[in-house]
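Input: a single structure, listed below in structure tokens.
From a predicted model like this one, the values you see are computed outputs, not experimental measurements.
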Amino acid sequence: MSPSKNQGSPAGRGQRSALADRRLLLPLSIVLLVVGFYGLQWWRAGARRAEQRRDLISDTRAALAESPADRDRLGELMTGLTMLEDAATSSELLALQAEIELLRGRPDGAYRLFGAIAERPGASAAEQRLGARIQLARQDGFGGDAPASAAMLQQVVSFSEAAFADSGAAADAFRAWQACKRLWKHERAAGFAAELAAAHPESREQRLVALSQSFDPTRDAVAVEDLVIDFGDDAPAELSALETFVALQRGRIPEAKERAERDLNRFAGVAGVRYVLAIVLHACALGNPEGSIDRATFVQRRDQQLDWLEQRAPETESLRRQWQQMRLVR
């Protein structure tokens, strides 16, 4: 029997194995280098995106804090925000977009962006504060359906009450007071007025509330002018109505009429603005001869405002008697 052939020495097999390992190691190393390179690029790109996101958020907050706001700049920032990957899902980004929409005079757009976040159970005080601002701005210009208007105002009260409990800020209590007054809930408004007076006795909000409770257009004309300066571009409907009343009391009827009509376009949902417009139109009617076309026109326009008020005011509202007396003038 012949001896078997030598299948190779262990040393030879080891040399071939090492050579094969080296051949495998080279492409594996190349793959790892490529993966590492692209992984590093991906990480760097992610870091750049995160930094750009932070910068955009910081720039937006700074622009929102400016007074007056640069609307062109805000438009550019809005475009940048909407291009972020989580623009439609991040509550932080949606809040910033809603803030921009508010400053651009688009409260309905702000509500579409942020309404669901403010209304969700467990919404933070800051989220509810923004929700209150949005709903109050929407109601400012909403002259239509009374139940829909009341629903907005009820949310303003609820959101602002929660925000005030968290922050104690004058603006939160003031918004709650505004909403209660517009809902004709005078007792509850008085409660918020008392909280505001106790917490912020010298604030512009407290001074406006106190002025509204005992307003005399002759005595308080200077106080109104001071508040107009203090509020600046943020003057609420309630202050604009008082300013119109002062102009009327001073006999500047054309100015009062112009102001009242302008305020109606801005604040169609605010009863105080409608009330002052009715008084101005009543004065215009009295300034024309009985039986004249001009007088009849002013009477008709006045009655349209009184109709709007009477459809919304409760039967117990004390102003109803004054409105009935005004209607007697034809």
Side-chain angles (χ1 to χ4, degrees), residues 38 40-120 123-143 152 155-156 159-160 163 166-167 169-172 174-175 178 204-205 228-237 239-240 262-263 265-270:
Y38 283 106
L40 179 61
Q41 296 306 307
W42 175 85
W43 180 84
R44 286 177 174 172
R48 282 195 299 271
R49 286 194 299 270
E51 183 179 4
Q52 290 169 352
R53 185 182 190 276
R54 287 192 298 270
D55 289 345
L56 181 58
I57 290 173
S58 177
D59 291 346
T60 302
R61 286 177 174 157
L64 288 168
E66 291 179 0
S67 183
D70 184 340
R71 297 198 176 194
D72 291 337
R73 174 63 174 153
L74 287 174
E76 294 171 1
L77 292 167
M78 184 71 160
T79 300
L81 291 171
T82 57
M83 293 177 67
L84 294 175
E85 292 180 359
D86 55 345
T89 56
S90 165
S91 59
E92 180 182 29
L93 296 182
L94 288 168
L96 292 173
Q97 294 172 70
E99 292 257 21
I100 292 174
E101 289 292 77
L102 274 180
L103 278 175
R104 294 161 108 185
R106 302 172 182 172
D108 287 335
Y111 181 76
R112 286 191 292 272
L113 287 164
F114 201 76
I117 295 174
E119 294 167 359
R120 68 186 177 186
S124 70
E127 290 168 342
Q128 291 184 77
R129 178 177 297 109
L130 179 53
R133 290 173 55 208
I134 290 170
Q135 290 294 59
L136 191 66
R138 291 182 74 207
Q139 198 275 333
D140 271 346
F142 185 79
M152 295 179 201
Q155 281 196 323
V156 174
F159 291 159
S160 296
D166 177 76
S167 70
D172 292 327
F174 179 66
R175 273 188 286 272
Q178 287 178 283
R204 63 183 188 178
E205 291 85 359
V228 169
I229 294 171
D230 289 345
F231 275 95
D233 293 336
D234 297 326
L239 179 56
S240 289
R262 182 201 66 195
D263 284 349
N265 290 329
R266 295 173 59 204
F267 305 118
V270 182

Side chains of Ser90 and Gln97 in contact at under 4.5 Å (non-hydrogen atoms): no
Please report the closest heavy-atom contact between Ile117 and Ala123, naming both atoms and the distance. O-CB, 3.6 Å
For the residue pair Ser240 and Arg262, confirm or rule out a side-chain donor-acceptor distance under 3.5 Å. no
Whether Asp86 side chain and Thr89 backbone form a donor-acceptor pair below 3.5 Å: no
If you compare all heavy atoms of Ala132 against all heavy atoms of Ser160, which two are closest, and at what distance to 0.1 Å? CB-OG, 3.4 Å
Heavy atoms of Phe114 and Ser91 approach each other most closely as CE1-O, 3.8 Å
Looking only at heavy atoms, what is the nearest atom pair of Phe267 and Ala235, with distance? CZ-O, 4.3 Å
Taking NZ, NE, NH1 and NH2 as the nitrogens, is one of them in Arg133 or Glu99 under 4.0 Å from a carboxylate oxygen of the other? yes
Tell me whether Arg204 forms a cation-pi arrangement with Phe231, defined as NZ or CZ under 6.0 Å from the six-membered ring centre and within 45 degrees of its axis. yes
Please assess Leu93 against Ile57 for the test side chain to side chain contact (heavy atoms under 4.5 Å, CB included), listing each intermediate value before the final yes or no. CA-CA 8 Å; Leu93 296 182; Ile57 290 173; 3.9 Å; yes
For atom CD of Glu92, decide whether the heavy atoms of other residues, nucleotides or ligands shown that lie under 6.0 angstrom number more than 12. yes
Other residues, nucleotides, ligands: >12 heavy atoms within 6.0 Å of Asn265 CG: yes
If every non-hydrogen atom of Phe159 is compared with every non-hydrogen atom of Gly131, which pair is closest and at what distance? CD1-C, 3.6 Å
If you measure from CD on Gln128 to CD1 on Ile134, what distance do you get to the nearest 0.5 Å? 12.5 Å
Partner residues of Asp108 under the salt bridge (charged side-chain N to carboxylate O under 4.0 Å, His left out) criterion, sequence neighbours left out: Arg138
Between Ala170 and Glu205, what is the shortest heavy-atom contact and its length? CB-OE1, 3.7 Å
For residues Arg175 and Arg129, determine if any side-chain heavy atom of one lies less than 4.5 Å from a side-chain heavy atom of the other. yes
Thinking salt bridges, do Glu101 and Arg104 make one under a 4.0 Å N-O criterion? yes
Separation between CG (Asp59) and CZ (Arg61), nearest 0.5 Å, reads 11.5 Å
Indicate yes or no: at least one non-hydrogen side-chain atom of Gln178 is less than 4.5 angstrom from one of Val156. no
The complete set of side chain to side chain donor-acceptor pair (under 3.5 Å) pairs with one or both residues in residues 110-120, sequence neighbours excluded, reads Tyr111-Glu119, Glu119-Gln155, Arg120-Glu127
Compile the donor-acceptor pairs under 3.5 Å between side chains in residues 74-84 and protein atoms, sequence neighbours left out, one pair per line.
| residue | atom | partner | partner atom | Å |
| --- | --- | --- | --- | --- |
| Thr79 | OG1 | Gly75 | O | 3.1 |
| Thr82 | OG1 | Met78 | O | 3.3 |
| Thr82 | OG1 | Thr79 | O | 2.8 |

Under a 3.5 Å cutoff, is there a donor and acceptor pairing between the side chains of Ser67 and Asp233? no
